[in-house]
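Atom set for the values below is all heavy atoms of this structure, side chains included, hydrogens, waters and symmetry mates excluded.
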Amino acid sequence: MVRKKHKENLDENRLRLTSFVTFLMGFSQAVLVYVMSSYFELATGTERVGIFYGVSYVIFLVILLNLHKLVRMFGKSNIFYFSLLTNIAVATGLIYTDPSMLGVALLMLYIIMEHVAWVALDVIVESFSVDKMSGRIRGLHLTIFNAGFLFGPFASTYILGELGYHGIFIFALIFNCFVFIFGLIGFRNINHKFEQRLKVLDMLRKVATKKDILRIYHISFVLDFFFALMTIYMPIYLRDLGYSWENIGWIFTAMLVPFVLLQYPIGILADKKTGEKEFLLFAILMMAIATITIYFIGTGSMMVWAIVLFATRIGAALIEILRDSYFFKKVDAYDVDIINFFRTSLPAAYISATTMASLSLFFLPIKFAFILTGLVVLSALYSVLSLVDNKSERELRASKRTG
């Protein structure tokens with residue numbers, strides 16, 4: 001029996017509340033994300049950093065492949081609330097724990113549950129979105145997230161310098177409490193449950209028949225691979241070059257500006273006039289070339305680093321909004337299994353990136369990671385060229401006139 005597509009309802013009030021929750025989550029995540037690798041390094045040494053990330057994302061991948069079952073049993077909102085409550089408890093534990101194996105284990109759990117919360121929020125947003133506006137809705141969603149994310153590196157490096165890791169985790173605790181409260185207010189009546197009973201293999205077979213989903217998945221994997229290596233090894237590399245946490249905070253804040261400036265207007269443009277394919281091609285080439293350039297910079301100056309990293313993020317910002325715009329035009333709010341599969345690109349990319357980087361660090365300098373990342377990014381060119389582009393509103397109007 002063919003499942004009917006649900007009736008789409010645009011709920012602007014809940015979208016606005018979601019935007020506020022997204023801002024808080026983005027800011028909270030950004031304060032932690034660029035200092036996690038340094039925490040792992042302080043606790044255990046540089047060579048083991050990738051291992052902890054890899055193990056975290058293996059566990060997240062297993063959860064994600066089975067998340068549709070949990071949604072079916074407990075509902076979307078309850079999964080979101082549970083992940084936030086877990087991180088509130090974990091952040092409380094980290095406040096009272098010095099960098100150690102116990103701290104590493106708690107931080108790994110935090111990483112896992114933070115990503116579960118984001119996937120649950122993805123599914124919730126799809127419940128009150130409409131496909132034809134995916135570019136605008138996802139563009140606004142990402143822009144607000146990245147507006148929060150923009151000030152995170154500066155805030156985190158300042159807090160780390162003044163209060164140490166305990167201050168970072170106090171900050172995370174406070175913001176997770178705020179997110180939980182506002183999420184409880186806004187999402188308590190959106191606890192839809194997923195009705196299909198698919199096993200993991202059934203879900204993979206279902207996705208395997210959707211060629212464009214697999215192509216955009218590959219593009220998403222490449223972006224997440226880029227984020228993985230840049231997030232983990234860029235702070236460590238700049239510290240090795242002698243940059244202070246304050247300098248790194250300024251560089252990272254500058255490099256994140258494209259996410260705030262570009263994503264919403266590009267989402268509108270993709271919806272109304274162009275589709276996603278053309279901009280994806282440009283973005284992948286730009287991100288790959290700029291990432292490979294990092295290998296050749298050396299110590300350089302703050303300005304050089306800010307410019308090169310800014311260029312990498314222009315490509316990344318475009319890919320992030322265009323992949324989401326493309327994908328969410330292909331799925332429905334009932335496609336919880338496909339949405340969960342799509343988000344496995346993140347743990348799969350982190351597992352691959354940390355494994356490859358950890359092995360290469362035994363034989364090659366850390367800066368080789370950026371050559372590796374650039375080459376992986378270039379592999380997405382085939383998938384972009386093979387995509388069947390979504391028709392824009394302008395193209396749909398033109399086809400109606402000629403049809």
- Query: Is there a side-chain contact between Thr231 and Met36, using heavy atoms and a 4.5 Å cut-off?
  - Reply: no
- Item | Carboxylate-amine/guanidinium proximity below 4.0 Å for Lys330 and Asp324 | no
- Message: Within this structure, what is the CD1-CD1 distance for the pair Ile216 and Ile319, rounded to the nearest 0.5 Å?
- Response: 9.5 Å
- Query: Going by heavy atoms in the side chains, are Leu387 and Tyr326 under 4.5 Å from each other?
  - Reply: yes
- Message: I want to know whether Phe227 and Tyr350 have ring centres closer than 6.0 Å.
- Response: no
- Where Ser386 and Asp212 come nearest, the two heavy atoms and their spacing: O-OD1, 4.2 Å
- Sequence neighbours left out, what pairs pass ring-ring contact (aromatic ring centres under 6.0 Å, His included) with at least one residue falling in residues 161-181? Phe27-Phe171, Phe27-Phe175, Tyr39-Tyr165, Tyr39-Phe169, Tyr81-Phe180, Phe171-Phe175
- Under 3.5 Å: donor-acceptor pair, side chain of Thr293, backbone of Ile289: yes
- Query: To the nearest 0.5 Å, what is the distance between CD (Glu320) and OG (Ser220)?
  - Reply: 9.0 Å
- Message: Quick one: does any side-chain atom of Ser83 pair with a main-chain N or O of Phe80 as donor and acceptor, under 3.5 Å?
- Response: yes
- Quick one: CD1 on Ile159 to CD1 on Ile168, what's the gap to the nearest 0.5 Å? 5.0 Å
- Message: Would Ile144 and Tyr264 count as a side chain to side chain contact (heavy atoms under 4.5 Å, CB included) here? Give the steps.
- Response: CA-CA 9 Å; Ile144 291 171; Tyr264 186 56; over 6 Å; no
- Message: Assess the residue pair His115 and Tyr57 against the criterion (side chain to side chain donor-acceptor pair (under 3.5 Å)); give the C-alpha distance rounded to whole Å, side-chain angles, the decisive distance to 0.1 Å, and a yes or no.
- Response: CA-CA 9 Å; His115 287 301; Tyr57 284 97; 2.7 Å; yes
- Beyond-backbone contact of Phe252 with Pro235, side-chain heavy atoms, under 4.5 angstrom: yes
- Item | Closest contact, heavy atoms only, Ala380 versus Val222 | CB-CG2, 3.8 Å
- Message: Are the side chains of Trp305 and Met255 in contact, using a 4.5 Å heavy-atom criterion?
- Response: no
- Residue pair Phe259, Arg313: steps toward the side chain to side chain contact (heavy atoms under 4.5 Å, CB included) verdict: CA-CA 7 Å; Phe259 289 97; Arg313 268 34 177 213; 3.2 Å; yes
- Task: Calculate, to the nearest 0.5 Å, the distance between atoms SG and CG belonging to Cys177 and Leu24 respectively.
- Result: 11.5 Å
- Message: If we count only N and O atoms by modelled type, under 3.5 Å, do the side chains of Ser383 and Tyr217 hold a donor and an acceptor together?
- Response: no
- Message: Distance check, rounded to the nearest 0.5 Å: Phe60 atom CZ versus Leu346 atom CG?
- Response: 6.0 Å
- Please tell me if the side chains of Met356 and Phe225 come closer than 4.5 Å, counting only heavy atoms from C-beta onward. yes
- Message: Are Trp118 and Thr22 packed together at the side-chain level, in the sense that at least one heavy-atom pair is separated by less than 4.5 angstrom?
- Response: yes
- Query: So, the side chain of Ser100 versus the backbone of Asp98: is there a donor-acceptor pair under 3.5 Å, distance only?
  - Reply: yes
- Message: For a side chain to side chain contact (heavy atoms under 4.5 Å, CB included) check, start with the C-alpha distance between His218 and Ser345, then their side-chain angles and the critical distance, and finish with the verdict.
- Response: CA-CA 8 Å; His218 178 211; Ser345 68; over 6 Å; no
- Task: Flag yes if more than 12 heavy atoms outside Lys210 fall under 6.0 Å of its NZ atom; otherwise flag no.
- Result: no
- Item | CA sep, side-chain torsions, deciding dist, call: Asn78, Phe82, side chain to side chain contact (heavy atoms under 4.5 Å, CB included) | CA-CA 6 Å; Asn78 286 341; Phe82 175 78; over 6 Å; no
- Please determine if Asp224 and Arg323 form a salt bridge, counting it only when a charged side-chain N lies under 4.0 Å from a carboxylate O. yes
- Item | Backbone of Ile294 reached by a side-chain donor or acceptor of Lys367 within 3.5 Å | no
- Message: Any non-hydrogen side-chain atom of Ile292 less than 4.5 Å from a side-chain atom of Phe370?
- Response: no
- Query: Do Leu280 and Leu318 come close enough that some side-chain heavy atom pair is under 4.5 Å?
  - Reply: no
- Check: Ile112 main-chain N/O paired with Ser56 side-chain donor or acceptor under 3.5 Å: no
- Task: Give, for atom CD1 of Ile268 and atom CD1 of Ile321, the distance between the pair rounded to the nearest 0.5 Å.
- Result: 9.5 Å
- Task: Report, as yes or no, whether the 6.0 Å neighbourhood of atom OH on Tyr237 holds more than 12 heavy atoms from other residues, nucleotides or ligands.
- Result: yes
- For Gly374 and Thr291, the nearest pair of non-hydrogen atoms, with its separation, is N-CG2, 4.0 Å
- Message: Distance alone, cut at 3.5 Å: any donor-acceptor contact between the side chains of Ser325 and Glu276?
- Response: yes
- Query: Is a donor on one side and an acceptor on the other found under 3.5 Å between the side chain of Asn176 and the backbone of Ala172?
  - Reply: yes
- For Thr354 and Gly54, which heavy atoms make the closest approach, and how far apart are they? OG1-CA, 3.4 Å
- Which heavy-atom pair separates Thr344 from Leu64 by the least distance, and what is that distance? N-CD2, 3.3 Å
- Message: Once you measure the plane-to-plane angle for Phe342 and Phe327, does it fall in the parallel (<30°), tilted (30-60°) or perpendicular (>60°) bin?
- Response: parallel
- Message: Quick check: closest heavy atoms across Ala369 and Leu229, and the distance to 0.1 Å?
- Response: O-CD1, 3.7 Å
